[in-house]
Amino acid sequence: EADFPVARHINENGFYVGCHQDLRQSELDYIAECVGRFFGNKRTKKPEGVALILLTDKRHPVGAADIERLPMELFARTIVVDAGLPGPVRTALEARNAMAIEATDRHPLDVARDAMDREGIDAAVIFPFNGQWDPTDIPRILMTLNLGYDMVIASRFMMGGGRKGQRGNIRSLGNRVFNLLADLLFSANLSDSFSAFRGVRRSHLASISTPGRGLTKFFSLSLEAAKRGWRIQEIPTVEVTRSTSGLIADSLATVIPALLILLREWRSRPEPGPKDRS
């Protein structure tokens, strides 16, 4: 190292900014936001009115190590939608000032929507807290949402994302087919409309109806957003599933409901005016 004093000086006193032909607009925005926050002395400021909402799943237990990876300090509030969370984990989350809400027999998205209304939350990052999604992508969702987008989706099917099982990659052909149909029918550009990991603004979420159960409810949310012309951004993420057989069963059970929702949204789209027809 002593033979390269200039390189050593740069290494000790500088920092590197990504600069290559594959940078996406969201990543350029992320870099600009980081630099602006640093030189604006805003690194410790939490975004007001933005919450982290954790969706739990009793089929996939989490532990203390999963809690430590959550960037809860970035949010004004953390809300846990408890759908079978182990007692010690819930206690540990509440010790970090998280508010737990029982999901009972309601869909977690509906519970999250009501919690946002009740707490006066302007926007939220919704994160499936089941040990399968990467919590290091939560700040990227938050930053992109703060740039003015109406909804930000963590996508497993765009460049840089992925979906893996414990024994290798998962193709998820059905998911890609439904995304293609949604893009063709609604002139959208979505790659992962079923993803539950996303950021959304309360004013937009409260203005729509989202039918469906399970992941089809998030699919319905994506279709409504595309149909209404929301500003949508996607960032890549990687999901590592724990049960491939359970994933296949859930996917098969989603096909018919997703088709019905796609048909419903297509039939309820606004008719084009004379200018649009031309």
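All figures in this text were calculated on a predicted structure; none of them were measured in a lab.
Across Arg198 and Ser193, no two heavy atoms sit closer than the pair NH2-O, 3.2 Å. Across all non-hydrogen atoms, the minimal contact from Val238 to Gly161 is CG2-C, 4.2 Å. Taking both residues in full, the closest heavy atoms of Gly212 and Ile261 are given as CA-CD1, 3.9 Å, listed atom of the first, atom of the second, then distance. Residues Ser209 and Glu224 come closest through the heavy atom pair O-CG, 3.9 Å. Listed here is the closest heavy atom pair of Pro236 and Met158: N-SD, 3.5 Å. Summarising the geometry of Ala258 relative to Phe194, their closest heavy-atom pair is CB-CZ, 3.9 Å, with the distance given to 0.1 Å.
Put simply, the side chain of Arg228 reaches to within 4.5 Å of the side chain of Ile208, judged on heavy atoms. With contacts defined as side-chain heavy-atom distances shorter than 4.5 Å, the pair Ile126/Val200 qualifies. Within the 4.5 Å cutoff, the side chain of Ile232 has no heavy atoms near those of the Asn189 side chain. Side-chain contact between Asp57 and Val62 is absent, with no heavy atoms from C-beta onward closer than 4.5 Å. In this structure the side chain of Met143 never reaches within 4.5 angstrom of the side chain of Asn146, judged on heavy atoms. When side chains are defined from C-beta on, Phe178 does not count as touching Asn175, because their heavy atoms never get closer than 4.5 Å. Counting heavy atoms from C-beta outward, Ile53 and Arg77 have side chains that stay 4.5 Å or more apart. Between Thr210 and Phe218, every side-chain heavy-atom pair lies at or beyond the 4.5 Å cut-off.
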In sequence, state the C-alpha distance, the side-chain angles, and the governing distance for Phe4 and His9, and then conclude on ring-ring contact (aromatic ring centres under 6.0 Å, His included).
CA-CA 9 Å; Phe4 304 95; His9 175 78; over 10 Å; no

Might you work through the salt bridge (Lys or Arg N to Asp or Glu O under 4.0 Å) test for Lys227 and Glu265, ending with a clear yes or no?
CA-CA 8 Å; Lys227 187 173 66 174; Glu265 295 295 339; 2.8 Å; yes

Apply the test side chain to side chain contact (heavy atoms under 4.5 Å, CB included) to residues Glu73 and Arg96: give CA-CA distance (whole Å), side-chain angles for both, the deciding distance (0.1 Å), then the verdict.
CA-CA 9 Å; Glu73 68 280 359; Arg96 294 185 60 181; 4.2 Å; yes

Does Glu119 form a salt bridge (Lys or Arg N to Asp or Glu O under 4.0 Å) with Arg202? I'd like the steps, not just the answer.
CA-CA 11 Å; Glu119 299 297 321; Arg202 180 186 63 165; over 6 Å; no

Does the pair Tyr16 and Ile10 meet the rule for a side chain to side chain contact (heavy atoms under 4.5 Å, CB included), with working shown?
CA-CA 9 Å; Tyr16 296 92; Ile10 294 174; 4.3 Å; yes

Derivation and outcome, side chain to side chain contact (heavy atoms under 4.5 Å, CB included), residues Leu54 and Leu70
CA-CA 10 Å; Leu54 306 176; Leu70 295 172; 3.7 Å; yes

Between Ile153 and Phe197, does a side chain to side chain contact (heavy atoms under 4.5 Å, CB included) hold up when you go through it step by step?
CA-CA 6 Å; Ile153 301 175; Phe197 183 11; over 6 Å; no

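Hydrophobic clustering keeps Met159 apart from Ile141 (ILVMFWY residues linked when any side-chain heavy atoms are closer than 4.5 Å, directly or through intermediates). Following chains of ILVMFWY side-chain contacts shorter than 4.5 Å, one can reach Ile121 starting from Met99, so the two form part of one hydrophobic cluster. Cluster annotation: Leu263 and Leu180 are assigned to distinct hydrophobic clusters (Ile/Leu/Val/Met/Phe/Trp/Tyr, side-chain heavy-atom contacts under 4.5 Å, transitive). In this structure, Val255 is a member of the same hydrophobic cluster as Phe219, with clusters built from ILVMFWY side-chain heavy atoms closer than 4.5 Å.
Proximity of a side-chain donor or acceptor of Thr56 to a complementary backbone N or O of Val81 within less than 3.5 Å is detected. Remark: the backbone N or O of Leu145 is paired with a side-chain donor or acceptor of Arg201 at under 3.5 angstrom. Judged purely by atom type and a 3.5 angstrom limit, Lys164 has no side-chain atom pairing as donor or acceptor with the backbone of Thr241. At least one donor-acceptor pair closer than 3.5 Å links the side chain of Asp66 to the backbone N or O of Gly63. In this structure, the side chain of Ser195 engages the main chain of Ala154 through a donor-acceptor pair within 3.5 Å. Under the 3.5 Å distance criterion, the side-chain polar atoms of Glu234 are matched with a main-chain donor or acceptor of Ser191. Looking only at distances, a side-chain donor or acceptor of Thr144 sits under 3.5 Å from a matching main-chain atom of Arg140.
Between the side chains of Thr237 and Asp134, no donor-acceptor pair of N or O atoms lies under 3.5 Å. Side chains of Asp183 and Asn179: a donor-acceptor N/O pair is absent below 3.5 angstrom, by distance only.
Note that the CG atom of Leu52 and the CZ atom of Phe129 stand 9.5 Å from one another [nearest 0.5 Å]. The structure places CG of Leu215 at 12.0 Å from CG of Leu221, a figure rounded to the nearest 0.5 Å. Atom CD1 in Ile138 sits 6.0 Å away from atom CZ in Phe75 (nearest 0.5 Å). Distance CG/Asn130 to CG/Leu85: 11.5 Å, rounded to 0.5 Å. The CZ atom of Arg267 sits 12.5 Å away from the CG atom of Leu262 when rounded to the nearest 0.5 Å. Distance check: Trp266 CH2 to Phe186 CZ gives 7.0 Å after rounding to the nearest 0.5 Å.
Taking the charged nitrogens against the carboxylate oxygens, Asp150 and Arg231 have no contact shorter than 4.0 Å, which rules out a salt bridge.
Within 6.0 Å of CZ in Arg264 there are more than 12 heavy atoms belonging to other residues, nucleotides or ligands.
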